[in-house]
Amino acid sequence: MTRKLSTILLSLALLLAIGWGLWERANRLTLANAVEAGGQRDFYNLLNYVEQAQVSMGKTLASSSPRQQAVHLTEAWNQAAAAQHSLTQLPTPGFKPVNTSKFLSQTSDYSNYLAQKLARGEEMTPQERQQLASLREEMGRLAADLHQTEGQVAGKTLRWSSFYGFKMPSLPRTIAGRALPVEARPGPLDGFVNTDRRLQTLPSLNYDGPFSDHLEKQRPLGLGGGEVTQAEAERRAMNFSNAASNSNYRVQATRTSNGRIPTFSLRLLDSRRPNVTTHIDVSKQGGQIVSLLNTRPVGAPTLDAAAALEKARAFLQAQGFTGMQPTYTVRTDNNQVITFAAKEGDVILYPDQVKVKVALDNGEITGWDATPYYMSHHKRDLPRPKLTPEQARAKINPGIKVEGVRLALIPLPGGQEKLTYEVKTKMDNTYYLNYINALTGEEEKVLQIIDVPGGQLTM
Amino acid sequence: MLPRRLRLLLPVLLAATLLSAALWQYHHQGQAPGAIPTQAGTPVGTSDEMNLLARLIAAEAGDEPYEGQVAVGAVVLNRVRSPLFPSTISGVIFEPWAFESVSNGRIWQVTDLASPSRAAADALNGWDPTYGALFFWNPAKEVSPWIWTRSILTQIGRHVFAR
């Protein structure tokens with residue numbers, strides 16, 4: 001009797017387990033198909049955009065009208081950017097096609113740079129034509145490689161969903177390896193790996209755009225002086241943070257950092273307030289205070305943005321930064337972050353920026369970032385403006401209200417700087433900044449001012 | 001030969017294990033990454049992307065010192081500006097296998113966003129304790145050997161930062 005009952009119970013349990021297993025398997029297949037669809041979509045998008053970009057670049061070279069060239073370059077810019085986006089979302093485990101990604105980004109960026117140049121009424125130089133032609137050739141080679149991979153994808157030897165999930169544990173794999181002789185089979189991603197290796201050997205591409213190779217090697221211009229010792233760096237760090245917090249700090253730990261600005265990075269402990277720490281970076285060259293971050297949470301505000309600005313301004317003065325101009329401000333949590341730019345005469349130098357963060361509960365300086373300042377500050381020979389402020393004002397579309405004009409040196413993508421008139425304009429209750437080149441009268445760029453809680457940002 | 005009672009014990013135990021596994025699975029199936037807990041108590045930033053960045057920081061560096069949290073946020077933003085990576089914050093965060101916490105779903109389970117939100121705001125405001133890092137990893141864990149070919153800039157807390 002018991003035996004019969006237990007047999008029934010066990011059979012039921014087994015049926016249940018089998019049912020559960022099948023149900024799990026069905027679920028897994030549904031998810032695998034969704035993942036496969038995602039991978040296929042990204043792959044075919046990549047292939048299409050690469051082909052389209054190559055065609056657009058070809059049309060640019062074939063066209064003889066600068067306007068048509070600008071149109072096709074704009075297409076190539078977007079298509080190459082979309083191809084880069086699809087590539088980066090493809091699941092390729094254990095390997096990143098970084099060189100392919102860089103090639104697509106740079107081609108997109110280069111097309112954009114040329115399109116902008118044509119839009120300004122300039123023409124492509126023979127070298128730029130040559131550069132575009134060789135990028136197009138490379139794009140064609142990439143398309144051919146992807147077509148080969150497409151064969152694998154269509155023949156199902158490459159399944160994107162197969163890259164997900166847990167690997168077989170090593171013991172059964174070894175046994176399986178013994179039982180079946182292993183052949184040196186090509187891996188499913190070999191095509192991508194080979195293409196990426198070839199693209200690594202491309203010559204570097206220098207032009208006036210944000211992805212130009214020369215920007216990788218940018219060095220700080222404003223640090224001055226020789227190397228400082230660690231002891232000297234610690235002394236400077238403590239002086240600075242004592243002044244920022246009006247307190248007394250001691251060094252807890254010092255490490256070094258070898259980023260764009262090599263630094264001694266210190267963690268300081270407040271001797272008066274328990275659990276308050278500050279992180280501060282002192283440049284090895286010149287011993288400048290590049291960055292400070294106080295990690296304490298800030299309580300309910302007692303100061304407003306104007307009072308915070310005065311605190312920040314006074315602190316800058318005390319640190320020897322005179323004549324800095326506050327430009328934007330933004331409130332995050334209970335902190336006010338104010339961006340200051342240096343001035344030379346009556347010209348605002350936007351590249352040379354220092355950010356100061358003020359805690360709104362007690363007015364303490366809780367943050368400092370002078371990275372942009374030390375990266376770009378140097379003695380400049382600013383040209384004399386050829387336009388008067390009135391002439392710059394006259395360049396603005398007559399339907400738009402002008403609120404103010406001042407001289408400003410602005411950074412452009414690619415690292416150059418232009419002397420401009422910054423014209424603040426208002427259209428439909430939204431403020432804009434139009435930058436009119438002070439030498440040529442060309443409009444260099446337009447920024448929109450966006451109101452955010454506790455401040456304004458420019459985009 | 002075992003007595004009959006004991007002979008039955010093993011299959012019954014097996015069946016009970018299977019049954020409880022099935023029940024456990026059934027109970028948990030609706031909870032996996034599905035529901036994203038809202039942060040009613042913590043005020044998080046001004047933009048949606050900042051919330052996403054704070055989540056990633058919490059999941060990747062929740063136990064790290066504050067500057068380590070800012071550094072992880074800065075790595076994401078350095079990637080956005082790099083030609084090697086996608087050009088949006090969400091594109092960078094959800095790139096396949098880019099972040100362990102996205103692969104294992106921990107990014108959806110974090111609850112303490114107070115410090116990570118402040119770190120995300122600092123990173124978005126331009127603070128970068130690494131001065132240009134594009135990668136970070138925990139040297140105590142198993143990582144792709146390829147990653148060690150990058151040039152290391154510094155170590156903050158348990159994370160190594162590299163370019």
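Lettering of chains follows the sequences in order, A, B, ..., and the numbering in each one begins at 1. Predicted model, so just to flag it, every value in this text is computed and none were measured. Excluded from the calculations below are hydrogen atoms, water molecules and symmetry mates; all remaining heavy atoms, backbone and side chain alike, are included.
Proximity to chain B is absent for every atom of A/P210, based on heavy atoms less than 4.5 angstrom apart. Proximity to chain B is limited to the backbone of A/L90, based on heavy atoms less than 4.5 angstrom apart. Using a 4.5 Å cut-off between heavy atoms, B/S82 contacts chain A through its backbone alone, with no side-chain atom that close. Only the side chain of A/V337 comes within contact range of chain B, with heavy atoms under 4.5 Å apart. Interface remark: A/T256 contributes backbone atoms only to the contact with chain B (heavy atom separation under 4.5 Å). For chain B, the nearby part of A/L292 is the backbone; its heavy atoms alone come within less than 4.5 Å. Residue A/S108 does not touch chain B at all, counting heavy-atom pairs closer than 4.5 Å. For a residue to count as touching a neighbouring chain, one of its non-hydrogen atoms must lie under 4.5 Å from one of that chain's; by this rule A/Q89 touches chain B with backbone and side chain alike. With a 4.5 angstrom heavy-atom cutoff, B/Q69 does not touch chain A via any of its atoms.
Taking the six-membered ring wherever Trp is involved, the centroid distance between the rings of A/F211 and A/F103 does not fall below 6.0 Å. A/W368 and A/Y373 have their aromatic ring centers separated by at least 6.0 angstrom.
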Take A/R255 and B/I156 through the side-chain contact (heavy atoms from CB on, under 4.5 Å) test and state the conclusion after the steps. CA-CA 9 Å; A/R255 60 184 168 83; B/I156 305 176; 3.4 Å; yes

Quick one, A/L87 with A/T100, criterion side-chain contact (heavy atoms from CB on, under 4.5 Å). Give me CA distance, side-chain angles, the key distance, then yes/no. CA-CA 8 Å; A/L87 175 76; A/T100 317; 3.8 Å; yes

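Among the candidates A/S291, A/P297, A/S265, the residue making the largest number of heavy-atom pairs closer than 4.5 Å to chain B is A/P297. Note: A/T88 leads A/N258, A/D109, A/N335, A/T88 in heavy-atom pairs under 4.5 Å with chain B. Interface summary for chain B: among A/T371, A/L293, A/V98, the most heavy-atom pairs under 4.5 angstrom belong to A/L293.
B/Y66 does not carry A/R296 over the face of its six-membered ring by the limits of under 6.0 Å from the centre and within 45° of the normal. For the pair A/K284 and A/F264, the cation sits on the ring face: its NZ or CZ lies under 6.0 Å from the ring centre, inside 45° of the axis. Within the cation-pi definition used here (under 6.0 Å to the ring centroid, within 45° of the axis), A/K357 qualifies as a partner of B/W127.
In this structure, CZ in B/R150 is found 7.0 Å from CG in B/L134, a value given to the nearest 0.5 Å.
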